[in-house]
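One structure is given here, and the rest of the page talks about it.
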Amino acid sequence: MRRRAFILLLGAAGTLPARARQPTMPVVGYLGLESPETYASRLAAFREGLAEAGFSEGRNVAIAFRWADGHYDRLPALAEELVRLPVSVLAAPGGAPVALAAKSATTVLPIVFEMGGDPVALGVVDSLSRPGGNLTGVSSLSVEVSRKRLEFLHEVLPGVGTLGVVANATSPTATSQLRSLQVAADTIGVGIRKLQASNEGELGAVFRDLPRPEVGGLVFTSDPYFANRSQALARLALRHRIPAITQSRDFPLAGGLMSYGGDFAQSHRNAGVYVGRILKGEKPADLPVQLVTKVELFINLQAAIELGVSLPPSLMISADQVIE
């Protein structure tokens with residue numbers, strides 16, 4: 001009887017505890033502003049960054065996703081869900097709303113953000129070189145260059161006295177961008193009409209109800225909500241024959257006129273690298289916030305022809321890519 005009990009115990013030790021002895025795969029919580037389909041190219045870049053740091057999803061790291069489908073108000077609850085799982089690192093790539101939601105969910109769990117605005121001004125980190133606390137990440141110049149978009153569209157439409165400026169009122173950077181755009185408009189001597197859109201209906205109304213020819217074109221502020229709807233914006237702009245400029249290259253690639261903003265692929269790849277480095281044991285407080293300084297100007301020549309606008313040679317020369 002004793003021998004039988006010993007054999008049973010030995011058999012159990014070779015089954016269940018064996019699984020327990022396998023190394024636990026770390027889990028990265030990914031807080032997504034939109035949906036997997038919308039974020040496909042950004043997710044690919046994020047995974048490239050993880051791979052660069054030595055991590056491959058399914059092999060030595062797992063990723064738990066939560067998607068807000070464009071609803072900023074859902075982000076805090078989704079961030080708290082990820083924290084409760086628990087996860088090893090919380091990835092918050094997708095702009096200031098995602099970073100702020102992640103920050104509100106935990107003061108302990110490491111967080112890697114990616115945004116277009118100034119994380120210091122938004123209170124996300126103490127400084128760029130020494131973030132402090134549990135957050136670090138990547139910041140591009142997309143928010144800071146909103147005023148440059150106004151200048152570019154004014155170059156294309158020099159005879160237009162008023163341009164529309166579209167902002168998402170639910171964005172934490174909307175107020176500062178509108179203030180900067182007003183200063184730029186006063187400097188170059190063009191009027192602006194401030195418009196608001198934070199859902200599909202309001203986006204359609206911006207194009208449908210724009211008073212023409214009083215307002216000659218549209219400048220979209222930097223906001224992930226607009227960047228992730230580039231194809232829809234391009235269709236609306238062509239349908240209503242309105243020259244427009246956004247932050248995302250996806251807009252002119254989809255048939256819109258122009259874009260000027262940071263390189264999303266680079267910033268998401270860098271965020272993936274930082275997540276991997278933290279998984280290896282580095283601390284967010286010791287990793288300086290990276291600045292992605294590359295800013296791209298894309299111009300769609302066919303869209304200009306369809307819209308009946310002339311593109312200044314100087315603008316064409318300075319473009320990173322002219323789509324013919």
Side-chain angles (χ1 to χ4, degrees), residues 18-34 36 39-68 75-116 119 124-140 224 262-292:
R19 289 197 298 270
R21 286 197 299 270
Q22 293 178 359
T24 302
M25 187 181 295
V27 179
V28 173
Y30 189 104
L31 183 60
L33 178 60
E34 291 289 342
Y39 260 51
S41 62
R42 293 167 173 78
L43 277 175
F46 179 78
R47 289 185 171 109
E48 287 175 9
L50 275 176
E52 186 177 328
F55 290 92
S56 175
E57 185 180 6
R59 181 175 62 84
N60 58 354
V61 70
I63 306 178
F65 295 93
R66 294 294 185 274
W67 299 100
L75 290 167
L78 294 175
E80 291 174 2
E81 277 187 33
L82 288 170
V83 171
R84 288 195 300 267
L85 281 181
V87 296
S88 303
V89 183
L90 183 55
V98 185
L100 291 170
K103 179 180 172 66
S104 69
T106 177
T107 58
V108 178
L109 189 70
I111 296 172
V112 176
F113 60 80
E114 179 276 331
M115 66 170 67
V124 176
V125 295
D126 296 334
S127 74
L128 298 180
S129 59
R130 301 183 65 83
N134 61 317
L135 292 94
T136 189
V138 185
S139 179
S140 70
D263 184 347
F264 287 124
Q266 183 183 355
S267 58
H268 280 74
R269 184 168 55 251
N270 290 359
V273 171
Y274 259 14
V275 168
R277 290 177 62 177
I278 290 172
L279 288 174
K280 287 181 174 179
E282 295 189 61
K283 305 298 182 185
D286 299 329
L287 295 173
V289 175
Q290 296 184 41
L291 291 179
V292 176

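Starting from 1, each residue takes its place in the sequence as its number.
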Sort out for me which residue in Lys280, Arg277, Met25 forms a side chain to side chain contact (heavy atoms under 4.5 Å, CB included) with Phe55. Lys280
Are Leu100 and Val124 close enough that some pair of their side-chain heavy atoms sits under 4.5 Å apart? yes
Kindly give the heavy-atom pair with the smallest separation between Pro119 and Phe113, and that separation in Å. CB-CZ, 3.8 Å
Over all atoms of both residues, closest heavy-atom pair of Leu279 and Pro26: CD2-CB, 3.9 Å
Shortest non-hydrogen contact from Ala271 toward Glu114: CB-CB, 4.4 Å
Tyr274 and side chain to side chain contact (heavy atoms under 4.5 Å, CB included): which single residue from Val112, Val89, Val289, Leu50 fits? Val112
Contact check, side chains of Val98 and Leu75, non-hydrogen atoms, under 4.5 Å: yes
Separation between CD1 of Ile111 and CG of Leu90, rounded to the nearest 0.5 Å: 5.0 Å
One should read off an interatomic distance between Leu43 CG and Ile63 CD1, to the nearest 0.5 angstrom, of 7.5 Å
Smallest separation among heavy atoms of Pro110 and Ile278, with atom names: CB-CG2, 3.7 Å
Which heavy atom of Val273 sits nearest a heavy atom of Ala53, and at what distance? O-CB, 3.9 Å
Salt-bridge contact Arg47-Glu57 (side-chain N to carboxylate O under 4.0 Å): yes
Using the side chain to side chain donor-acceptor pair (under 3.5 Å) rule, collect all pairs that involve residues 87-111, keeping only residues at least two apart or in two chains. none
Ignoring hydrogens and angles, tell me if any N or O in the side chain of Asp126 forms a donor-acceptor pair with the backbone of Gly133 under 3.5 Å. no
What I'd like to find out is whether the side chain of Glu80 reaches to under 4.5 Å of the side chain of Arg84, using heavy atoms alone. yes
Of the non-hydrogen atoms in Thr136 and Pro131, which two are nearest, and what is the gap between them? OG1-CG, 3.8 Å
CD (Glu34) and OH (Tyr39) are apart, to the nearest 0.5 Å, by 6.5 Å
With sequence neighbours left out, what residues match Tyr30 under ring-ring contact (aromatic ring centres under 6.0 Å, His included)? Phe46, Phe65, Trp67
